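Data first, discussion second: the structure below is written as structure tokens.
Please read all numbers here as calculations on a predicted model, not as lab measurements. Naming convention: chains lettered A, B, ... in sequence-line order (proteins, then strands); numbering from 1 in each chain.
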Amino acid sequence: MIKTIAGTKDTLPFEISKWQYFENFVEEVMSRFNYKEIRTPVFEETSLFARGIGESTDIVSKEMYTFLDRSQTSITLRPEMTASVMRSVLEHSLDKQQQLNKLYYISSMFRQERPQAGRLRQFNQFGAEAIGLEDPLLDAEMIIIAYDILKGLGLNSLEVKINSLGVPSSRENYKKLLRMYLDDKKGGLSEESKKRLDSNILRIFDSKIESDQKIMENAPLLLEHLDDGSLEKFETVKSYLLKAGVPFEIDPRLVRGLDYYTHTTFEIISRNVGSQSALCGGGRYDLLASEIGDRLIPAVGFAAGMERILLACENENCLVIPEDEVGVYIVRLNNDLYNETYNFALQLRRNSVKAELDYSRKSVKAQMREANKINARKTILFGGDEYTNNEIVIKDMKSGVQEKIGLSDIEKIISIIED
RNA sequence: GUGGGUAUAGCUCAGUUGGUUAGAGCGUCUGGUUGUGGCCCAGAAGGUCAAGGGUUCAAAUCCCUUUACUCACCCCA
């Protein structure tokens with residue numbers, strides 16, 4: 001038997017309504033902030049991600065689904081959306097048509113990692129990007145939108161963490177300081193962290209290994225060595241968040257794994273999922289446009305993992321979706337009216353009524369059971385004496401009350417069904 | 001890539017120290033009189049006990065291998 005590939009999942013009919021609810025909610029909030037949806041291809045030229053995200057990152061170096069197509073072009077299934085969105089903005093010169101492009105997406109991403117709780121190889125993210133301006137208000141807005149959506153779904157145990165990475169020049173100075181600090185201590189670092197000394201020294205802060213953490217405990221912090229301009233921006237972001245009522249904590253160790261971040265970085269985590277607790281992450285990436293394009297475009301954005309959010313929702317018992325129901329179930333009283341019953345149901349369906357009926361010549365009892373099972377608000381008994389009198393019986397499934405109506409009086413039938 | 005755990009019906013799981021035709025609940029289908037649901041009752045269908053090998057008179061049960069799933073590390077959403 002052929003099964004789904006490891007790390008991929010079917011979304012089955014019984015769980016689809018919660019996804020639709022979730023997606024609609026995201027769309028609604030995004031549209032209130034006047035963000036426009038953007039859709040880009042699921043696969044791109046590999047170099048877009050290699051250059052955009054950074055060769056040394058884990059995503060690019062070991063997690064991408066990359067393959068050669070029939071014309072020997074290296075293709076990659078997108079592991080994230082930001083690089084694609086920026087590519088699209090550059091390619092279509094959206095940045096020249098208006099100063100600020102506020103965009104959002106809800107799409108599948110692909111990363112070849114070992115699956116576990118809250119981590120799939122094909123997973124869904126929603127996210128937003130505000131491209132074209134460097135006002136810190138937009139940094140704050142990203143956090144506000146993400147927070148409002150998670151909160152709006154009913155999640156409570158959220159922690160918002162923020163940090164600033166400053167600009168490249170102050171960061172380079174700081175890296176020198178950090179390198180000096182680590183110079184006589186690097187023997188005690190883990191193998192993984194030693195590699196990062198050269199590739200991405202900031203990420204050593206991310207290490208969960210105790211000995212590494214001990215060494216990093218007294219390391220100088222980037223936040224304490226930001227240039228004045230960066231510091232001021234960070235302060236501004238914080239003040240906006242305060243005024244917006246978004247609780248946050250500053251986490252100087254929040255450095256994020258992607259190369260393109262500058263200034264603000266943030267993450268929203270939940271204690272109510274497995275070890276993969278980051279529901280949402282993002283930040284400012286003023287350098288990305290120039291990495292993959294020919295000009296500088298300041299931008300800020302975030303991405304949120306939808307499976308993880310739904311996990312958190314399940315564990316917190318929020319997001320209560322109303323049960324599916326059907327307007328009316330047509331019960332066929334005699335099987336010689338098989339086709340007439342169908343046409344009657346069809347007439348209702350073509351008049352926007354959600355109607356169901358039996359397709360297998362079941363007994364009346366079995367049809368009634370079915371009507372009950374699928375939550376039909378009304379049933380219509382079709383056939384028998386009433387049929388010869390050009391009537392049907394309509395029954396309210398909650399009260400059990402039933403009445404006769406003229407078969408051709410569709411208007412009235414519909415109004416009773418919808419009542 | 002590295003560890004740990006699990007694998008019995010569509011689903012959730014029982015299955016004694018190896019011992020006859022492998023069980024339950026839920027779900028599915030049928031029925032509980034003539035044309036009526038929920039609750040209840042009765043019956044039926046449904047299993048190569050993940051796969052392959054070994055030990056044994058005898059294996060779902062013990063041993064080995066493989067595969068799948070799962071959790072965690074790494075990292076990220």
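- In this entry the distance linking CD of Glu113(A) with P of rU2(B) reads 16 Å, nearest Å.
- Using cut-offs of 30° and 60° for the angle between ring planes, the Phe25(A) and Tyr21(A) rings count as parallel.
- Every stem involving RNA chain B, taken as at least 3 paired positions in a row under the Watson-Crick or G-U wobble test at 3.5 Å, is listed here: B:1-7 with B:67-73, B:10-13 with B:23-26, B:28-32 with B:40-44, B:50-54 with B:62-66.
- Between Gln112(A) atom CD and rG1(B) atom P the separation is 9 Å, expressed in whole Å.
- Across rA60(B) and rU8(B), the matching P atoms stand 15 Å from one another, rounded to whole Å.
- Note on Gln116(A): a side-chain N or O is less than 4.0 Å away from OP1 or OP2 of rC73(B).
- When each of Gly384(A) and Lys362(A) is assigned the nucleotide of RNA chain B with its nearest heavy atom, Lys362(A) is the one assigned upstream, toward the 5' end.
- Distance, Asp10(A) CG to rC69(B) P: 13 Å, rounded to whole Å.
- One finds the CD1 atom of Ile292(A) at 11.5 Å from the CD atom of Glu45(A) (value rounded to the nearest 0.5 Å).
- Across the P atoms, rG23(B) and rG19(B) are found 14 Å apart, a figure rounded to whole Å.
- Picking from rU36(B), rA77(B), rU70(B) the nucleotide with the shortest atom distance to the side chain of Gln125(A) gives rA77(B).
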query: Could you write nucleotides 3-8 of chain B as a row of B, S and -, 5' to 3', where a protein heavy atom under 4.0 Å of any base atom gives B, of only sugar-phosphate atoms gives S, and otherwise -?
result: ------
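- Between the side chains of Asn389(A) and Asp385(A), not a single donor N or O lies within less than 3.5 Å of an accepting N or O.
- The base of rU36(B) sits with one of its N or O atoms less than 3.5 Å from a complementary donor or acceptor on the side chain of Gln402(A).
- With both ends at atom C1', the span from rG47(B) to rG10(B) equals 12 Å, rounded to whole Å.
- Within the structure, ring-ring contact (aromatic ring centres under 6.0 Å, His included) contacts touching residues 380-402 of chain A (residues at least two apart or in different chains) are Phe344(A)-Phe382(A), Phe382(A)-Tyr387(A).
- Electrostatic pairing of Glu80(A) and Arg78(A) does not count as a salt bridge here, judged by no charged N lying under 4.0 Å from a carboxylate O.
- The closest side-chain donor-acceptor pair between Asn272(A) and Ser270(A), if any, does not fall under 3.5 angstrom.
- Between rU65(B) and rU28(B), the distance separating the two P atoms is 43 Å to the nearest Å.
- Within residues 316-343 of chain A, the residues approaching RNA chain B are Leu333(A), by heavy-atom distance under 4.0 Å.
- Evaluation of atom-type donor-acceptor distances gives a pair under 3.5 Å for the side chain of Glu386(A) against the base of rG35(B).
- Nucleotides rG32(B) and rC49(B) are separated by 35 Å at their C1' atoms, to the nearest Å.
- With distances taken from any side-chain atom of Lys3(A) to the nucleotides rA77(B), rA68(B), rU36(B), the minimum falls on rA68(B).
- In this structure, a donor-acceptor pair under 3.5 Å is absent between the side chains of Glu291(A) and Tyr285(A).
- As judged by a 4.0 angstrom heavy-atom cut-off over every strand, Ala371(A) is placed among residues making no nucleic acid contact.
- Distances shown here put a side-chain N or O of Lys9(A) below 4.0 Å from the OP1 or OP2 atom of rU70(B).
- Inspection of the Gln125(A) and Ser107(A) side chains reveals no N or O donor paired with an N or O acceptor under 3.5 Å.
- Checking Arg377(A), Lys398(A), Lys378(A) one by one against Glu325(A), the salt bridge (charged side-chain N to carboxylate O under 4.0 Å, His left out) holds for a single residue, Arg377(A).
- Residues Leu94(A) and Asn101(A) approach most closely at O-ND2, 3.0 Å, considering heavy atoms.
- Taking atom CG of residue Leu381(A) and atom C1' of nucleotide rG37(B), one finds them 11 Å apart after rounding to whole Å.
- With hydrogens and angles left out, the side-chain atoms of Asn124(A) and Ser108(A) include a donor and acceptor closer than 3.5 Å.
- Between the P atom of rU36(B) and the CZ atom of Arg377(A) lies a distance of 24 Å, rounded to the nearest Å.
- In this structure, Arg361(A) satisfies the cation-pi test against Tyr338(A), with its NZ or CZ atom closer than 6.0 Å to the six-membered ring centre and inside 45 degrees of the ring normal.
- Among rU28(B), rU30(B), rA77(B), the nucleotide with an atom closest to any side-chain atom of Lys373(A) is rU28(B).
- For rU30(B), the OP1/OP2 oxygens have no side-chain nitrogen or oxygen of Ser363(A) closer than 4.0 Å.
- Residue contacts shown for Lys378(A) are absent, as no nucleic acid heavy atom lies under 4.0 Å away.
- Applying the 4.0 Å criterion to OP1 and OP2 of rG37(B), one finds that Thr379(A) has every side-chain N and O outside that range.
- Regarding Lys365(A), its NZ atom lies at a distance of 9 Å from the C1' atom of rG37(B), rounded to whole Å.
- What separates CG of Asp396(A) from C1' of rG37(B) is a distance of 12 Å, to the nearest Å.
- Nucleotides rU16(B) and rU34(B) have their P atoms positioned 47 Å apart, rounded to a whole Å.
- The separation of rG27(B) from rG38(B), taken at their P atoms, amounts to 12 Å, rounded to a whole angstrom.
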statement: B/S/- along nucleotides 38-43 of chain B (protein heavy atoms under 4.0 Å) is B-B---
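- For RNA chain B, the neighbouring residues in residues 306-315 of chain A, judged by any heavy atom under 4.0 Å, are Arg308(A).
- Electrostatic pairing of Lys233(A) and Glu134(A) counts as a salt bridge here, judged by a charged N lying under 4.0 Å from a carboxylate O.
- As rounded to whole Å, 20 Å separates atom P of rA77(B) from atom CG of Asn272(A).
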